[in-house]
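Heads up: the structure comes next, in structure tokens.
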2 protein chains.
Amino acid sequence: MTARAKSAKKAAPDLCTEHHAPASHPAAKIPPLSLVESQRMGEFFAVLADPTRLRLVSLLAADEFCVCDLASSLSMTESAISHQLRALRAARLVSYRKEGRQVFYRLHDHHVLELYQTVREHLEE
Amino acid sequence: MTARAKSAKKAAPDLCTEHHAPASHPAAKIPPLSLVESQRMGEFFAVLADPTRLRLVSLLAADEFCVCDLASSLSMTESAISHQLRALRAARLVSYRKEGRQVFYRLHDHHVLELYQTVREHLEE
DNA sequence: CCAACATCTGAACATACGCTCATGTATTGG
DNA sequence: CCAATACATGAGCGTATGTTCAGATGTTGG
């Protein structure tokens, strides 16, 4: 299973023993992600891995909106939208501003807008 | 529930009727994502929303590796790694090259490397 | 205060996802 | 040919996730 142990007694020597091919060709030598780093990064991408949340981001990329209008724009319940905005808030992708009964949401900063636009263009092929 | 219908007969007029606040302040007017567009974009982010796949990308960001070495580097079974490489392949995030019994994987293009590095730096705060 | 509104929250259910396990295919050396 | 190696694949299981539903909190106008 592991294919890590050295060959038994005959046939097919273990040629896969950490000797990768050309040895070096890419950019700088960046250390691989640790387990916790990969988990943090995974959680970040996971927030953007949902159609509803992405549509919310796409709306907020144009202007600021209250929960009610966001729900209406996507033809979804305000409860569902509120749940998703909570996730976007926890990931610091959006900020909000209370005004009376309403809560207006907007993208947290320009990094979010840029990431969204970059990936959108990347998929427009 | 929908809060879309006009007020009944008295009290609390429907102030949330698509009149968002300042009206305009951000960048250009980009149309919101359609349902299918958001699904495609969501699937793309979903591939990057897993710790194992991110660690694979982080390894392939430095060099090209065969499945066996990738599994060994992450202390996981070759089966698990093969399953994840399949997902990365389907998303066109990695390419591969067969050499005898081994299959060497690498990042598909520089866009992948740039996206990975950008987000990594963004989380290093 | 009270009713309507705007939003938030917790529980529950259906679905999606990642790993393990067993098996299948392909390549190599003897 | 045959066995070991390298990788791929399908089924199955436990867990995570998004939505609905019911209800709670907070705000406003009469």
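Letters go in sequence order (proteins before strands), and every chain restarts at 1.
- Candidate nucleotides C:dG18, D:dC7, D:dT19 were compared by shortest atom distance to the side chain of A:M76, and D:dT19 ranks first.
- The listed nucleotides are D:dT20, C:dT20, D:dT19; the one nearest the side chain of A:T77 is D:dT20.
- Taking 4.0 angstrom as the limit, A:R101 places none of its side-chain polar atoms (N or O) nearer than this to OP1 or OP2 of D:dG29.
- Side-chain nitrogen and oxygen atoms of A:Q84 include none within less than 4.0 Å of the OP1 or OP2 phosphate oxygen of D:dT17.
- Between the A:D69 side chain and the A:S72 main chain, no donor and acceptor come within less than 3.5 Å of each other.
- Between the C1' atom of C:dC17 and the CD atom of B:E43 lies a distance of 13 Å, rounded to the nearest Å.
- Taking the side chain as every heavy atom from C-beta outward, A:R97 and A:E64 approach each other to under 4.5 Å.
- In this structure, B:K98 places its NZ atom 10 Å from C1' of C:dT27, rounding to the nearest Å.
- The shortest distance between the side-chain N/O atoms of A:Q102 and the OP1/OP2 oxygens of D:dT28 is not below 4.0 Å.
- Here the C1' atom of nucleotide C:dA6 and the CG atom of A:L70 are 13 Å apart, to the nearest Å.
- Counting any heavy atom pair closer than 4.0 Å across all strands shown, A:Y105 reaches sugar-phosphate atoms only and no base atom.
- Across all strands shown, A:S79 has heavy atoms under 4.0 Å from base atoms, whether or not it also approaches the sugar-phosphate.
- Distance B:L85 CG to C:dG18 P: 13 Å, rounded to the nearest Å.
- Look at CZ on A:F104: it is 8 Å from P on C:dT7, rounded to the nearest Å.
- Checked by atom type and distance alone, the side chain of A:E124 never pairs as donor or acceptor with a backbone atom of A:E121 at under 3.5 Å.
- Side chains of A:Y105 and A:R89: a donor on one and an acceptor on the other come within 3.5 Å.
- The interatomic distance linking A:Q39 (CD) with D:dT15 (P) rounds to 17 Å, in whole Å.
- OP1 and OP2 of D:dC7 both lie 4.0 Å or more from every side-chain N or O belonging to B:S82.
- Sequence order on DNA chain D of the closest nucleotides to A:G100 and A:A46 puts A:A46 first from the 5' end.
- Residue B:R86 has no polar side-chain atom (N or O) positioned under 4.0 Å from OP1 or OP2 of D:dA8.
- With hydrogens and angles ignored, the 3.5 Å screen pairs a side-chain donor or acceptor of A:S58 with a backbone N or O of A:R55.
- For A:R53 and B:H83, each mapped to the nucleotide of DNA chain D holding its nearest heavy atom, the one lying further toward the 5' end belongs to B:H83.
- Spacing between atom CZ of B:F45 and atom P of C:dA16 amounts to 21 Å, rounded to whole angstrom units.
- Remark: C1' of D:dT20 and CG of A:L74 are 17 Å apart, rounded to the nearest angstrom.
- Here the side chain of B:E78 is nearest to one of D:dA6, D:dT20, C:dG18, namely D:dA6.
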